*Asks:* 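Below is one structure. I have some questions about it.
Note that this is a predicted model, so its numbers are computed, not measured. The residues of the chain are indexed from 1 along the displayed sequence. Start at 1 and go down the list; that is how both ligands and their atoms are numbered.
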Amino acid sequence: MKYSAVILAAGKGVRMCSELPKVVHRVAGMPMIVHVINAVKKAGIDDIITVVGYGREKVEEIVSSAGVQLVTQEEQLGTGHALMQAEKKIDPDSTVVVLAGDTPLVQPSTVKNLLEAHCKEQAAATVLSTELSNPYGYGRIVRGSDNSFSRVVEEKDASETEKQIREINTGMYCFAASEVFDALSTLNPDNAQKEYYLTDVLTVLKNKGKKVSVLLGDAEEDVYGVNDRVQLSHAEAVMRKRKNMELMKKGVTIIDPATTFIDSSVEVGRDTVILPFTLIEGGTVIGERCEIGPGVRISDSIIGSGVTIESSRIKSAIIGDECTVGPYSYLRPETILHRGVKVGDFVEIKKSTIGENSKIPHLSYVGDAVVGKGVNVGAGTITCNYDGKNKHQTILEDGVFIGSNTNLVAPVKLGKNSSTGAGSTITRDIPANSLGVERAKQRNIKDWFLRKK
Ligand code: UD1
Ligand code: CA
């Protein structure tokens with residue numbers, strides 16, 4: 001049997017009140033539709049067709065690397081009309097799973113169970129339902145007197161009695177391709193929203209004498225649909241909790257999961273401890289035995305093992321094993337710290353490489369610099385890397401010792417084991433083993449205090 005999946009993602013998502021198409025809004029750092037695609041792939045379906053329409057380019061940009069096919073629904077005439085657009089891409093002998101792009105919590109097991117039930121029942125169509133204590137907003141499953149599927153009624157079309165039904169349509173279906181497209185062509189938009197409802201296809205099939213089964217699932221969270229920002233925040237909370245659980249089960253200590261926010265794409269090694277009020281985002285990878293937090297935000301960075309980071313911001317940086325950072329430092333893109341580097345408090349580093357065991361302990365700005373091994377950068381050191389027009393490089397070779405409050409006016413190079421006198425403004429290179437001092441000679445004015453009186 002051949003399996004394909006169609007993800008419906010052409011709608012604007014009016015209830016989001018957004019310029020962006022709904023399915024690109026992020027949950028735990030990843031666009032909703034990417035979560036759905038990943039779940040489908042993990043369920044073993046590789047042939048995925050996404051129906052795009054509103055904000056097509058935005059959705060395309062996001063899913064282009066995921067290896068899915070795209071079809072366009074020019075006008076958003078409803079979920080049934082959306083599925084119709086995928087017909088030309090689907091083998092008529094295949095089994096098709098249909099999901100919406102706005103159900104980011106869907107799990108691979110949800111998709112697998114649906115497929116299995118469909119195949120076992122040899123149905124023409126299977127719809128996944130679940131019972132909710134608050135079914136508001138969802139289509140309700142109406143069953144006949146024999147308890148078999150009768151139809152789905154949307155919230156907007158439902159009578160008062162139908163609104164009492166707690167069994168809802170999750171918007172996840174499985175169809176025999178040979179049946180569904182014929183049936184879709186007979187739909188009409190005869191409802192409150194004047195749309196071609198995909199849900200009506202179930203009734204059409206049933207009326208044709210085909211087998212329509214309902215799989216009543218119990219994992220309410222997995223089928224949660226996001227239509228507005230309140231629901232988005234709920235999905236976010238569930239996803240965060242899942243991620244924290246996953247990491248804790250793999251050996252990461254999270255002191256306070258309620259104040260720890262880790263994107264689903266992040267990896268953390270065992271015996272790392274994450275302290276409260278910490279955000280770890282994007283493609284960040286953290287090694288083992290680290291201590292991260294409190295108050296740390298790390299995005300798209302690679303952190304080695306045995307690293308300590310406290311109250312700092314790390315953005316697209318690479319930090320080697322056994323480094324310490326913070327409190328209160330800012331590592332900006334293209335910063336590379338080799339093994340054992342110490343970056344202390346109130347230090348900003350940008351586009352610089354810092355060699356093994358070097359120290360920048362306090363109150364410094366280091367930009368566009370190449371710093372060797374065992375270098376000590378004194379408090380208050382500034383690389384003057386920008387002349388108002390261009391950026392210039394500072395090179396500090398191995399063993400350099402920078403006196404406190406030095407200005408290094410780039411381009412400038414300090415040779416191996418050279419030093420600067422505290423307070424110097426260094427504008428010329430310093431040869432190896434030499435001291436560069438640049439400051440006015442001190443004068444002492446005798447009895448100045450007494451004379452002032
Ligand atoms: C839909 C179901 C409802 C179910 C709910 C589950 C219908 C008519 N209703 O309602 O029974 O309980 O999902 O979450 O199917 N889309 C298109 N093109 C369109 C319209 C929608 O691609 O013309 C896409 C949207 O981008 C979205 C998905 O289909 O990803 C579902 O559309 P949405 O408007 O959210 O449907 P619901 O009102 O939630
Ligand atoms: Ca929806």
Side-chain angles (χ1 to χ4, degrees), residues 5-16 18 20-25 27 31-37 49-56 58-59 62-63 70-86 98-106 110 125 127-132 134-142 149 151-158 162-163 165-173 175 180 184 187-204 214 217 220-232 234-235:
V6 178
I7 301 173
L8 308 180
K12 178 174 196 281
V14 181
R15 291 163 279 181
M16 293 296 283
S18 174
L20 293 175
K22 175 165 67 179
V23 298
V24 312
H25 282 265
V27 171
M32 285 199 251
I33 186 153
V34 177
H35 287 290
V36 179
I37 292 172
I49 297 123
T50 301
V51 183
V52 293
Y54 178 83
R56 186 199 151 107
K58 293 244 162 53
V59 183
I62 280 161
V63 303
L70 295 180
V71 293
T72 305
Q73 182 191 23
E74 297 293 352
E75 260 187 291
Q76 284 75 63
L77 303 177
T79 46
H81 181 257
L83 180 56
M84 262 186 240
Q85 313 308 310
V98 177
L99 308 95
D102 66 354
T103 53
L105 301 178
V106 61
T110 325
V127 52
L128 179 64
S129 74
T130 194
E131 279 179 348
L132 298 182
N134 175 15
Y136 178 82
Y138 288 95
R140 312 294 205 283
I141 304 279
V142 182
F149 174 82
R151 62 193 182 99
V152 173
V153 63
E154 293 304 299
E155 177 81 36
K156 287 184 178 149
D157 301 297
E162 286 166 336
K163 283 182 185 162
I165 301 173
R166 289 176 45 231
E167 187 184 5
I168 61 105
N169 167 26
T170 64
M172 298 178 195
Y173 320 83
F175 295 107
V180 71
L184 278 172
L187 295 187
N188 63 63
D190 205 358
N191 51 57
Q193 306 185 78
K194 304 274 171 285
E195 285 184 357
Y196 294 90
Y197 287 168
L198 176 55
T199 44
D200 288 345
V201 93
L202 300 166
T203 315
V204 171
V214 184
E220 327 180 348
E221 263 181 0
D222 301 359
V223 299
Y224 190 72
V226 173
N227 296 318
D228 60 32
R229 307 257 183 172
V230 177
Q231 291 170 330
L232 184 70
H234 179 71

*Asks:* Is the closest N or O pair between V51 and ligand 1 shorter than 3.5 Å?
*Replies:*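 No; every N/O pair is 3.5 Å or more apart.
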
*Asks:* In D102, the N, O or S atom nearest to the Ca ion (ligand 2) is which?
*Replies:*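 It is OD2 of D102.
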
*Asks:* Verify the distance criterion only: is there a donor paired with an acceptor across the side chains of E167 and S129 at less than 3.5 Å?
*Replies:*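 Note: E167 and S129 side chains meet the donor-acceptor criterion.
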
*Asks:* Between T170 and T103, does the side-chain contact (heavy atoms from CB on, under 4.5 Å) criterion hold? Intermediate values first, please.
*Replies:* CA-CA 9 Å; T170 64; T103 53; over 6 Å; no

*Asks:* Has Q85 got any heavy atom lying under 4.0 angstrom from an atom of ligand 1?
*Replies:*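 No heavy atom of Q85 comes that close to ligand 1.
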
*Asks:* Hey, is ligand 1 close enough to G225 that some N/O pair sits below 3.5 Å?
*Replies:*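 N/O-N/O distance under 3.5 Å: no.
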
*Asks:* Identify, by atom number and element, the atoms of ligand 1 in contact range of G78, meaning under 4.0 Å from any of its heavy atoms.
*Replies:*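 Per the distance check, 18 (N), 19 (C), 20 (C), 23 (O).
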
*Asks:* Look at the N, O or S atoms of T103, main chain and side chain alike, and state whether any lies under 3.0 Å from the Ca ion (ligand 2).
*Replies:*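 Coordinating: no.
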
*Asks:* Under 4.0 Å from atom 13 (O) of ligand 1, is there at least one protein heavy atom?
*Replies:*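 No.
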
*Asks:* Is there at least one pair of N or O atoms, one from G137 and one from ligand 1, spaced under 3.5 Å apart?
*Replies:*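 There is no such contact.
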
*Asks:* Measure from atom 5 (C) of ligand 1 to every heavy atom in N169, V226, L8 and give the option owning the shortest one.
*Replies:*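 Selected option, by shortest heavy-atom distance: N169.
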
*Asks:* Using a strict 4.0 Å cut-off to heavy atoms of L77, name the atoms of ligand 1 that fall inside it.
*Replies:*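 Counting from 1, the qualifying ligand atoms are 23 (O).
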
*Asks:* Would one find an N or O of T199, backbone or side chain, under 3.5 Å from an N or O of ligand 1?
*Replies:*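 No, no N or O pair falls under 3.5 Å.
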
*Asks:* Suppose I only count heavy atoms of K22 and a 4.0 Å limit; which atoms of ligand 1 are within that range?
*Replies:*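 Those qualifying, in numeric order: 35 (O).
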
*Asks:* Any atoms of ligand 1 less than 4.0 Å from a non-hydrogen atom of N227? List them with their elements.
*Replies:*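 By the 4.0 Å cutoff, the relevant atoms are 35 (O), 39 (O).
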
*Asks:* Quick one: which ligand 1 atoms are inside 4.0 Å of a heavy atom on T170?
*Replies:*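 Near T170, the atoms of ligand 1 are 6 (C), 14 (O).
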
*Asks:* How about NZ on K58, more than 12 heavy atoms from neighbouring residues, nucleotides or ligands closer than 6.0 Å, or not?
*Replies:*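 Open.
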
*Asks:* Could you tell me whether E154 and ligand 1 have an N or O pair separated by under 3.5 Å?
*Replies:*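 Yes, at least one N or O pair falls under 3.5 Å.
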
*Asks:* Taking distance alone, with no angle check, do Y197 and ligand 1 share an N/O pair under 3.5 Å?
*Replies:*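 In fact, backbone or side chain, Y197 has no N or O that close.
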
*Asks:* Report yes if some N/O of T103 lies less than 3.5 Å from some N/O of ligand 1; otherwise report no.
*Replies:*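 Between T103 and ligand 1 (N or O atoms, distance only) the closest approach is not under 3.5 Å.
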
*Asks:* Does any N/O atom on A82 come nearer than 3.5 Å to any N/O atom on ligand 1?
*Replies:*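 For ligand 1, there is no N or O atom that lies under 3.5 Å from one belonging to A82.
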
*Asks:* With rounding to the nearest 0.5 Å, note down the distance linking CG in L8 to CG in D102.
*Replies:*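 Going from the CG atom of L8 to the CG atom of D102 covers 9.0 Å.
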
*Asks:* Nearest non-hydrogen contact with atom 17 (C) of ligand 1 belongs to which option: Q76, K12, M32, Q73?
*Replies:*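 Result: the heavy atom closest to atom 17 (C) of ligand 1 is in Q73.
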
*Asks:* Show the atoms of ligand 1 that are less than 4.0 angstrom away from any heavy atom in G101.
*Replies:*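 Taking each heavy atom of G101 in turn, ligand 1 has 30 (O) under 4.0 Å.
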
*Asks:* Checking the N or O distance criterion of under 3.5 Å, is ligand 1 in contact with A10?
*Replies:*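 It does: an N or O of A10 is found under 3.5 Å from an N or O of ligand 1.
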
